[in-house]
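Heavy-atom basis, side chains included; hydrogens, waters and symmetry copies ignored. Chain A is the first sequence line, chain B the second, and so forth, proteins listed ahead of strands; every chain is numbered from 1.
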Amino acid sequence: MPAPVRRTLLAGPVLDVAPRLLGMVLRRTTDEGTVAVRLTEVEAYDGANDPGSHAYRGETPRTSVMFGPPGHLYVYFTYGMHFCMNVVAGPDGTPSAVLLRAGEVIEGVELARERRAATTDRDLARGPARMCVALGIARESNAVDLLARGSAVQLLPGPGFDGEPATGPRVGLREAPDWPWRFWIPGDPTVSPYKPHVKKKRASG
DNA sequence: GAGAAGATTATCT
DNA sequence: GATAATCTTCTCC
């Protein structure tokens, strides 16, 4: 599948785009080497219409990438220590995105193990922040074009999978916690466990 | 300019 | 299961 075709597919409605990403491959190459992940779990965020989306309240410096053309990477920092990444979807100007929640490392397992010390291979990319660590994704990968030649991070056609994706509520959201906009490959061991939103504990009780 | 909350994870019990 | 770690971003004043 050529890159222009992939970009056209990503420009569709985010609820169509999200399940199509399952079984595709995200690969990042640096001086350290290459790590590639087969995506097994994603979540859809429908920009302006979705109370759970970062873009719901309009464009800000952080979310500006989401308002751009599809096929770019939106990386954000959260909880003071973790990065998570999305693939921007929908046409240019529509702030939809697909959160990449989990995957299976299919290339560069040894490098991924170095980055993710003290864990099993199954857990190398099982969770959005874990997958960022395994791939070495951080602030500098924000806004990268995943479909351009020469990008350090590439979104590639993968093995896909047979059958229908499983669906369920998104993980950890306070807003719209029940919308079944999470998609995963049924039975895949690298899919992350579901956890509902937990309120932050206040500093002084 | 201050305050609150967050698309999480590792660790301890 | 419960909780600490840790800092960016956004919302109000």
Euclidean distance, [Y] [atom2] relative to [X] [atom1], rounded to 0.5 Å:
X: A/Asp121; Y: A/Arg113; atom1: CG; atom2: CZ; answer: 4.0 Å
X: A/Gln154; Y: A/Leu26; atom1: CD; atom2: CG; answer: 9.0 Å
X: A/His54; Y: A/Met66; atom1: NE2; atom2: CE; answer: 8.0 Å

Q) Relative to the ring of A/Phe77, is the ring of A/Phe83 parallel (under 30°), tilted (30 to 60°) or perpendicular (over 60°)? A) tilted
Q. To the nearest Å, how far apart are A/Arg57 CZ and B/dA4 P?
A. 17 Å
Q. Which whole-number value in Å describes the distance from A/Asn142 CG to C/dT9 C1'?
A. 14 Å
Q | For B/dA7, the Watson-Crick or wobble counterpart (both distances under 3.5 Å) | A | none
Q: Could you check which nucleotide pairs with C/dT6 in any of the strands shown, counting Watson-Crick or G-U wobble with both distances under 3.5 Å?
A: none
Q) Does a side chain donor of either A/Glu107 or A/Thr34 reach within less than 3.5 Å of an acceptor in the other side chain? A) no
Q. Looking at A/Phe161, is A/Arg38 sitting on its ring face, NZ or CZ under 6.0 Å from the six-membered ring centre and within 45 degrees of the normal?
A. no
Q | Heavy-atom protein contacts under 4.0 Å, nucleotides 6-13 of chain B, coded B base, S sugar-phosphate only, - none | A | BBBBS---
